[in-house]
2 protein chains.
Amino acid sequence: MTSEAHPQPGGHAVPLGFEHHDHSACVTTALKAAEARCAEERLRLTPVRRKVLELLLQDHRALGAYAILDRLREEGFGSQPPVAYRALDFLVENGFVHKIERLNAFVACAHPGQSHSPAFMICRICDAVAEAQSAPAKGALGAAARAAGFQIERTVVEAEGICPACAEKADA
Amino acid sequence: MTSEAHPQPGGHAVPLGFEHHDHSACVTTALKAAEARCAEERLRLTPVRRKVLELLLQDHRALGAYAILDRLREEGFGSQPPVAYRALDFLVENGFVHKIERLNAFVACAHPGQSHSPAFMICRICDAVAEAQSAPAKGALGAAARAAGFQIERTVVEAEGICPACAEKADA
DNA sequence: GCCGATAACGTTATAAGATCACATGGGGGT
DNA sequence: ACCCCCATGTGATCTTATAACGTTATCGGC
């Protein structure tokens, strides 16, 4: 549903924010950082989990669980849904990956290690996803929650629209 | 998954904001308002669509498409998924109903007619849903979008936490 | 009032997303 | 070395959502 093999064979020039950037470097960096944090916190970054994180970092876009599962199968891992879902659960719980509710899909965290209240911008044309920080509990929503006596634990903030690249194409 | 028959047989004292209120009146009012707006805008509020809206207004909580479908079947409407999904598509497109992405479920709009940038508070214990207004595009997210050149068309804002009623129970 | 276009409906089938339950295996701590 | 826990692999199943296609109702123009 969300996307297949990425179009850039070379391994760079893939949208992160929405800017292009050298990519292969950023994947290995992020992976190393994840390893470090897991070692530090006694978390087990097993082969499947590491692979799933790597896949998401490589694609740098939202991937559905079954797209991930397909790749795992190709790499010789188990091929039943729980394999992918369990790895994703671990990665999401520990903040390495976020779920995009709107797409029922997953992206690697773009700001790992930092405090989490992520907001996403999702291009409805190409499904590219950019991550920003948000503080929804500080605005109108926070006020409404306080007034209602509702205790916010977590927020989902996802903006749908058009990314710069697709906007440019539309103009042409 | 989300919820079954509602616990209050009488038809009142069901959470809206999260406050209790006389309910049967509010259903008929909202239904009349919807009829009026449809007439005005040449929208066809057909029997299925009207029934789905009525069901959602009655329950005043998030219902999954298949829960709705069950009720439709009981009422003698078609019983295949597209029947429910098409009615929901219509209602969502026209702002009578909102989809709660987090729950893959639907609620009747609590502020019909007004401008739409809804935010939701979802109780993770009882699945009650309250609707508030939000303006996410005005805060940090809006700034990030402008900086990135992303055009926001729609936003999903959903806060997960504990509603007042469930917080009280937990204290006891 | 009739007719053509369009939109809504009903049904079958199937895709996509997610979880349950249970057996097996590998690693770390003592 | 042992045990136990956690993670993995697998099969089955459940929920959510859409595709495709024929039929029926409704609206607007005449």
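Reminder, nothing fancy here: chain letters follow the sequence lines and each chain counts from 1.
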Nearest of dC20(C), dC9(C), dA12(D) to any side-chain atom of Arg49(B)?
dC9(C)

Looking only at dG10(C), dA18(C), dT16(D), the nucleotide nearest the Val48(B) side chain is dG10(C)

OP1 or OP2 of [N] less than 4.0 angstrom from a side-chain nitrogen or oxygen of [X], does that happen here?
X	N	result
Lys51(A)	dT8(D)	no
Asn104(A)	dT16(D)	no
Arg86(A)	dT8(D)	no

Counting the atoms with a prime plus P, OP1 and OP2 as sugar-phosphate, which does Arg44(B) contact under 4.0 Å by heavy atoms, base, sugar-phosphate, or nothing?
sugar-phosphate

Donor-acceptor pair, distance only, cut-off 3.5 Å: does the side chain of Arg37(B) make one with the backbone of Asn94(B)?
yes

Taking the side chain from Glu75(B) and the backbone from Lys51(B), do they hold a donor-acceptor pair closer than 3.5 Å?
no

Evaluate His98(B) against Glu131(B) for side chain to side chain donor-acceptor pair (under 3.5 Å), listing each step before the verdict.
CA-CA 10 Å; His98(B) 299 296; Glu131(B) 181 177 346; 3.3 Å; yes

Name the residue closer to the 5' end of DNA chain C, choosing between Gln80(B) and Thr46(B) according to the nucleotide with the nearest heavy atom.
Thr46(B)

Report the relative orientation of the aromatic rings in Tyr85(A) and Phe106(A); use parallel for angles under 30°, tilted for 30 to 60°, perpendicular for over 60°.
perpendicular

Is there aromatic stacking of Tyr66(B) on dT16(D) here, judged by a ring-centre distance under 5.5 Å and a plane angle under 30°?
yes

Result for 5'-nearest mapping on DNA chain D, choosing between Gly78(A) and Tyr85(B), is Gly78(A)

